[in-house]
Amino acid sequence: MTDINRQREALIERVLDGAGTAAQSERQAAFENAGLADPLKTFIQKVATQATAVTDRDIAVVLASGLTEDQIFEIVICAAVGQSARQYNSAHAALDLAISEE
Amino acid sequence: MRLSILDKGHSFGSKALFAFIRLVTRQPTPEILKLIGYRPDFFGAYMKKVTHEAMRGSSAWSVGDRELMAAFVSRANACEFCIKAHSAVAVRAYGDGPKVTAALSDLEAAPMSEPLRATLRMLGKLTREQSVGADDMGSVLAAGVTPQQIEDALAVCFAFNTINRLAETFAFSVPGPKAFEAGAKFLLVHGYR
């Protein structure tokens with residue numbers, strides 16, 4: 001594995017499995033953008049697919065649901081990393097297929 | 001920032017570093033540093049390595065090419081902070097402002113090599129649509145881009161799709177051109193470590 005792949009894997013492993021204030025199950029669900037309940041579900045959907053649409057109110061609603069700022073920090077990072085990882089995996093699979101078809 | 005911890009929750013060491021940067025640059029602390037510097041053991045320290053390797057590691061793409069890729073991905077995500085930050089670095093790296101402006105405003109008409117154009121086209125589609133297919137990659141390979149170059153471009157894409165989402169979610173404030181110039185100067189010399 002190249003350095004960049006090792007570093008990417010290390011990042012993903014750290015945010016999902018390492019120590020944090022948010023539950024691992026919530027971090028994993030945010031990474032996958034699946035299995036969350038509202039208000040987190042709606043909020044993370046925005047983070048993953050249309051982050052420019054996130055508003056102050058979205059954060060306020062999630063805070064009011066009982067999450068701390070540190071938990072939100074971790075969960076948002078997991079969502080962002082997860083979406084980027086899915087893009088990367090799709091592209092890498094497409095590249096492998098294109099090369100095999102050459 | 002939408003989370004107060006990203007404005008005020010940093011360690012004493014990070015706060016001292018931010019104060020030093022403000023003194024030297026005479027600009028506000030860049031929002032990206034506040035993000036990366038908050039609990040770096042959770043995210044920032046790892047993300048710095050990923051980003052530095054993507055943007056400054058060994059590659060057939062130049063630094064300017066990779067900064068342009070970062071700006072292009074950021075434009076696809078409509079992340080104003082990142083568009084401006086990485087356009088500034090690309091302009092400085094290339095020594096060619098119009099090249100960067102043209103690439104970001106009309107990819108198909110902009111003067112650039114076909115391999116770079118084909119790669120940016122693919123990164124744009126991947127960013128907007130969340131996936132690409134074998135045909136898309138076939139087009140990039142047919143333009144003369146090597147598989148390693150595609151991998152290198154995907155590394156930039158991963159880094160900036162992540163950072164763009166965080167910048168927008170946490171509401172990075174967008175400073176003026178002088179701040180981005182100062183940032184570009186620093187990033188060209190020091191990279192992302």
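Chain naming here is simple, since letters A, B, ... match the order of the sequence lines and numbering starts at 1 in each.
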* Value rounded to 0.5 Å, distance of CG in A:Asn89 from OG in B:Ser131 -> 12.0 Å

* **A:Ile59 portion near chain B, given a 4.5 angstrom heavy-atom threshold** => side chain

* Asked: Do B:Met47 and A:Leu11 have side chains that get closer than 4.5 Å, going by heavy atoms?
  -> yes

* Asked: So, the side chain of B:Thr169 versus the backbone of A:Ala51: is there a donor-acceptor pair under 3.5 Å, distance only?
  -> no

* Structure fact -> Counting heavy-atom pairs under 4.5 Å with chain B, the top scorer among A:Lys46, A:His92, A:Glu101 is A:His92

* **Contact class of A:Ala85 relative to chain B, heavy atoms under 4.5 angstrom** => both

* To do: Please determine if A:Asp58 and B:Arg2 form a salt bridge, counting it only when a charged side-chain N lies under 4.0 Å from a carboxylate O.
  => no

* Contacting moiety of B:Ala54, where chain A heavy atoms sit under 4.5 Å -> both

* Below 4.5 Å, heavy atoms only, C-beta onward: do B:Leu141 and A:Glu102 meet side chain to side chain? -> yes

* Side-chain heavy atoms under 4.5 angstrom apart, residues restricted to Ile, Leu, Val, Met, Phe, Trp, Tyr: same cluster for B:Val145 and A:Leu97? -> no

* To do: Indicate the atoms forming the closest heavy-atom contact of B:Phe43 with A:Val15, along with that distance.
  => CD1-CG1, 4.4 Å

* Asked: Side chain, backbone, both or neither: which part of A:Phe73 has a heavy atom under 4.5 Å from chain B?
  -> both

* Asked: Which distance, rounded to the nearest 0.5 Å, do you find between the CG of A:Leu95 and the CG of B:Leu154?
  -> 7.0 Å

* **Chi angles and distances behind the side chain to side chain contact (heavy atoms under 4.5 Å, CB included) call for A:Gln83, B:Thr162** => CA-CA 8 Å; A:Gln83 189 69 16; B:Thr162 301; over 6 Å; no

* Do A:Phe43 and A:Val61 belong to the same hydrophobic cluster, where Ile, Leu, Val, Met, Phe, Trp and Tyr are linked whenever their side-chain heavy atoms lie under 4.5 Å apart, directly or via other members? -> no

* Asked: Is it true that the NZ or CZ of A:Arg8 lies under 6.0 Å from the centre of B:Phe158's six-membered ring and within 45 degrees of the ring axis?
  -> yes

* To do: Below 4.5 Å from any heavy atom of chain A, which atoms of B:Leu6 appear? Answer side chain, backbone, both or neither.
  => side chain

* Asked: A:Asp70 versus chain B, heavy atoms under 4.5 Å apart: side chain, backbone, both or neither?
  -> both

* Looking at residues at least two apart in the chain, or sitting in another chain, which of them share a side chain to side chain donor-acceptor pair (under 3.5 Å) with B:Glu53? -> none

* **Flag if over 12 foreign heavy atoms under 6.0 Å of NZ, B:Lys15** => yes

* Can you get from B:Val156 to B:Val63 by hopping between Ile, Leu, Val, Met, Phe, Trp and Tyr side chains that sit under 4.5 Å apart? -> yes

* Asked: Do the side chains of A:Gln7 and B:His52 get nearer than 4.5 Å, heavy atoms only?
  -> no

* Asked: Between B:Thr127 and A:Gln87, what is the shortest heavy-atom contact and its length?
  -> O-NE2, 3.8 Å

* Measure B:Tyr38 against the heavy atoms of chain A and call it side chain, backbone, both or neither at under 4.5 Å. => both

* To do: Report the distance from atom CD1 of A:Ile4 to atom CD of B:Glu151, rounding to the nearest 0.5 Å.
  => 10.0 Å

* Please collect all side chain to side chain donor-acceptor pair (under 3.5 Å) contacts where either partner lies in residues 132-144 of chain B, sequence neighbours excluded, each pair once. => B:Lys125-B:Asp136

Without placing hydrogens or testing angles, list every side-chain donor-acceptor pair under 3.5 Å for residues 28-40 of chain A, not counting sequence neighbours.
from, atom 1, to, atom 2, distance (Å)
A:Gln28, NE2, A:Glu32, OE2, 2.7
A:Asn33, ND2, A:Gln45, OE1, 2.9
A:Asp38, OD1, A:Thr42, N, 2.9
A:Asp38, OD1, A:Thr42, OG1, 2.5
A:Asp38, OD2, A:Thr42, OG1, 3.4

* To do: Check A:Ala98 against B:Ala134 and note the closest heavy-atom contact, atom names and distance.
  => CB-O, 3.5 Å

* Minimal non-hydrogen separation, B:Val132 against A:Ser90, with atom names -> N-OG, 3.3 Å

* To do: Would you check if the side chain of B:Arg165 reaches a backbone N or O of A:Ala48 as a donor-acceptor pair within less than 3.5 Å?
  => yes

* **Toward chain B, the part of A:Gln50 with a non-hydrogen atom under 4.5 Å** => neither

* To do: Taking atom types as modelled, find out whether A:Glu69 and B:Ser4 have a side-chain donor-acceptor pair closer than 3.5 angstrom.
  => yes

* Heavy-atom contacts under 4.5 Å, residues 69-92 of chain B to chain A -> B:Asn77, B:Ala78

* **Residue A:Glu13 excluded, over 12 heavy atoms near CD under 6.0 Å** => no

* **Point-to-point distance, once rounded to the nearest 0.5 Å, from CG of B:Asp41 to CZ of A:Arg14** => 5.5 Å

